[in-house]
Enquirer: 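First the structure, which I've put down as structure tokens, then a few questions once you've had a look.
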Amino acid sequence: MTADTAIELFEEHRPVLMGVAYRMLGRVADAEDVVQDAWLRWSGGDRTAVREPRGFLVRITTRLAVDRLRQIKARGETYVGPWLPEPCATDFGDTVTDAAERAVLADSVSLAVLVVMETLSPLERAVFVLREAFGYPYADIAAMLDRGEAAVRQLAARARRHVDERRPRYDVDPARRRDLTERFLDAAAEGDLAGLMELLAPDVRLVGDSGGKARAPLRVLHGADHVGRFFVGVAVKGLPDASVRMVELNGGPALLVLSGGKPDTVVQIDADGDRIRTVYVVRNPDKLAALAALP
């Protein structure tokens, strides 16, 4: 295999590797670091015995991501306020044509699922990502993680049960979710508390992620009245030179709020079809910097 061929193969599979690493880590920068490390091992290693480059690269990336997760947990990192994954652009475009596959990929990268996955062990998370998002057979996952197939099946069952128990599942038509997002934006921008109350479920939650680096609730807000009044207050205070774009992030529509042309806030909702059940607000500037490159 020539050097040029090695580069071409790696670039061909880079989107899959980023998909695995991001779902494992929930951080774009960490995922990029892991993929770069995978490239160094691929480019500097012996590739003569590699028969399936994609599987080989996914195995390297998965193991590197597991190691990175273990390092993060070992450091016992503290985070100011609630933690949310770093928003990630997920416009699949023409790369995924099957509707069912698109739905699975979108669900596996949603904020709700990634938040629950943060509580899994590194190995459980690896198995969940490889099995649920990418459909790898248990035997292949076992080889990637150097574990027995029976053990991998147990990890998969435990992870799936954990996610199912902790993550509410709403089967909402994408067009309906987009409509609710647009109506939410209109009501919030106008400071229309009555309009917001019509959209919010009585037990709605607002999860704000600032990392202590921007203004956002340091605790989860509960209840339509509290959440509605929060957004009315935000609308009244406003932002300098503010604008809002509808973008696709983490498999669904999201509001990207810009201030002076720079990303300031991401707002995304989870809904049950009629009412908004959860509102995610990301304001940590470290998690928004990459969104400046969105077209």
Side-chain angles (χ1 to χ4, degrees), residues 1 6 8-28 30-39 41-42 45 47 49-70 85 88 90 92-110 112-167 169 250-251:
M1 183 185 302
E8 290 174 2
L9 283 171
F10 190 87
E11 292 304 319
E12 176 186 346
H13 299 302
R14 181 185 289 273
V16 172
L17 306 183
M18 274 298 298
V20 171
Y22 173 74
R23 286 169 175 81
M24 286 282 296
L25 299 163
R27 303 163 179 86
V28 174
D30 283 349
E32 290 174 341
D33 288 345
V34 162
V35 172
Q36 179 61 24
D37 288 345
W39 159 249
R41 296 197 180 195
W42 169 253
R47 301 181 297 272
V50 177
R51 295 182 179 179
E52 298 182 2
R54 175 180 167 127
F56 182 83
L57 289 169
V58 168
R59 181 177 66 195
I60 293 175
T61 300
T62 301
R63 291 185 175 184
L64 289 170
V66 167
D67 289 343
R68 179 66 64 94
L69 271 179
R70 286 171 172 161
C88 179
T90 53
F92 299 117
D94 297 330
T95 60
V96 182
T97 56
D98 182 77
E101 184 179 357
R102 287 175 68 93
V104 169
L105 287 173
D107 182 69
S108 70
V109 80
S110 69
V113 168
L114 290 177
V115 168
V116 175
M117 284 171 58
E118 190 71 7
T119 64
L120 299 177
S121 73
L123 281 178
E124 287 172 340
R125 191 159 182 167
V127 172
F128 184 86
V129 168
L130 293 172
R131 179 65 181 174
E132 300 293 332
F134 295 95
Y136 277 98
Y138 291 114
D140 290 357
I141 299 173
M144 290 179 185
L145 298 176
D146 196 22
R147 293 291 190 279
E149 185 174 339
V152 166
R153 288 180 179 273
Q154 290 179 348
L155 286 168
R158 189 160 60 238
R160 178 75 267 175
R161 184 170 59 250
H162 185 93
V163 172
D164 285 343
E165 289 174 351
R166 289 162 176 79
R167 183 253 169 151
R169 299 187 66 87
N250 294 85

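Being a predicted model, the structure only gives us computed values, none of them experimental. Only heavy atoms go into these numbers, but all of them, side chains included; no hydrogens, no water, no symmetry mates.
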Enquirer: Strictly distance-based, threshold 3.5 Å: is any side-chain N or O of Arg63 a donor or acceptor partner for the main-chain N or O of Met144?
Expert: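 Looks like yes, one N/O pair under 3.5 Å.
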Enquirer: Write down the atom of Ala126, the atom of Val66, and the distance for their closest heavy-atom approach.
Expert: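 Heavy atoms only, the tightest pair is CB-CG2, 3.8 Å.
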Enquirer: Does Val113 reach the side chain of Phe128, with side-chain heavy atoms less than 4.5 Å apart?
Expert: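 A side-chain contact under 4.5 Å exists here.
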Enquirer: Which heavy atom in Arg23 sits nearest to a heavy atom in Val129, and how many Å separate them?
Expert: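 So the two residues come closest at CB-CG2, 3.8 Å.
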Enquirer: Under a 3.5 Å distance rule, please check whether Arg59 uses its side chain to pair with a backbone N or O of Gly55 as donor and acceptor.
Expert: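 Pair absent, no side-chain N/O of Arg59 close to backbone of Gly55.
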Enquirer: One pair to check against side-chain contact (heavy atoms from CB on, under 4.5 Å): Leu17 and Phe10. What are the steps and the verdict?
Expert: CA-CA 9 Å; Leu17 306 183; Phe10 190 87; 3.8 Å; yes
Enquirer: Using the test side chain to side chain donor-acceptor pair (under 3.5 Å), find all partners of Arg158 that sit at least two apart in sequence or belong to another chain.
Expert: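 For Arg158 the side chain to side chain donor-acceptor pair (under 3.5 Å) partners, ignoring immediate neighbours, are Glu124.
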Enquirer: Which heavy atom of Val109 sits nearest a heavy atom of Gly251, and at what distance?
Expert: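 Reported closest heavy-atom pair: CG1-N, 3.9 Å.
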Enquirer: Could you measure the distance from the CD atom of Glu149 to the CD1 atom of Ile141? Nearest 0.5 Å is fine.
Expert: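 Rounded to the nearest 0.5 Å, the CD-CD1 separation comes out at 9.5 Å.
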Enquirer: Can you confirm whether Glu11 is buried at CD, in the sense that more than 12 heavy atoms of other residues, nucleotides or ligands lie under 6.0 Å from that atom?
Expert: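 It does: Glu11 CD has more than 12 such atoms within range.
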Enquirer: Would you say the side-chain atoms of Trp42 pair up with the backbone N or O of Ala6, donor to acceptor, closer than 3.5 Å?
Expert: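 Checking the backbone N and O of Ala6 against the side chain of Trp42, a donor-acceptor pair under 3.5 Å is found.
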Enquirer: Can you tell if the side chain of Met117 reaches within under 4.5 Å of the side chain of Leu120, non-hydrogen atoms only?
Expert: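 A side-chain contact exists here, since the closest heavy-atom pair is under 4.5 Å.
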Enquirer: Output the distance between atom CG (Leu57) and atom CD (Glu12), rounded to the nearest 0.5 Å.
Expert: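 Interatomic distance, Leu57 CG to Glu12 CD, rounded to 0.5 Å: 10.0 Å.
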Enquirer: Which atoms form the tightest heavy-atom contact between Val34 and Ala65, and what is the distance?
Expert: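 It is CG1-N, 4.1 Å.
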Enquirer: So which atom in Val28 and which in Cys88 form the shortest heavy-atom distance, rounded to 0.1 Å?
Expert: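 It is CG2-CB, 4.4 Å.
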Enquirer: Does Asp30 have any side chain to side chain donor-acceptor pair (under 3.5 Å) partners at least two apart in sequence or in another chain, and if so, which?
Expert: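 Side chain to side chain donor-acceptor pair (under 3.5 Å) check on Asp30 returns Arg68.
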Enquirer: In Å and rounded to the nearest 0.5 Å, what is the CG to CE distance from Asp67 to Met24?
Expert: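 These two atoms lie 9.0 Å from each other.
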Enquirer: Do Leu130 and Val58 have side-chain heavy atoms sitting under 4.5 Å apart?
Expert: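 Yes, side chains in contact.
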Enquirer: Compare all side-chain heavy atoms of Arg147 with those of Leu123 and state whether any distance is below 4.5 angstrom.
Expert: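 Yes; the side chains approach each other to less than 4.5 Å.
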Enquirer: Could you work out, with side-chain contact (heavy atoms from CB on, under 4.5 Å) as the rule, every residue matching Glu118, not counting sequence neighbours?
Expert: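 Result, side-chain contact (heavy atoms from CB on, under 4.5 Å) vs Glu118: Arg27, Trp83, Arg125.
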Enquirer: Which value, rounded to the nearest 0.5 Å, describes the distance between Thr61 atom OG1 and His13 atom NE2?
Expert: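 Reported value, rounded in 0.5 Å steps: 11.0 Å.
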Enquirer: Nearest heavy-atom pair of Val35 and Ala21: which atoms, and what distance?
Expert: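 So the minimum-distance heavy-atom pair works out to CG2-CB, 4.3 Å.
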Enquirer: With heavy-atom distances below 4.5 Å as the criterion, would you say the side chains of Val163 and Arg160 are in contact?
Expert: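 Of all side-chain heavy-atom pairs linking Arg160 with Val163, at least one is under 4.5 Å.
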Enquirer: Report the C-alpha separation of Tyr22 and Asn250 in whole Å, then their side-chain angles, then the decisive distance to 0.1 Å, and conclude whether the side-chain contact (heavy atoms from CB on, under 4.5 Å) test is met.
Expert: CA-CA 11 Å; Tyr22 173 74; Asn250 294 85; 2.9 Å; yes
Enquirer: State the CE-CZ distance between Met18 and Arg14, to the nearest 0.5 angstrom.
Expert: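 Rounded to the nearest 0.5 Å, the CE-CZ separation comes to 8.5 Å.
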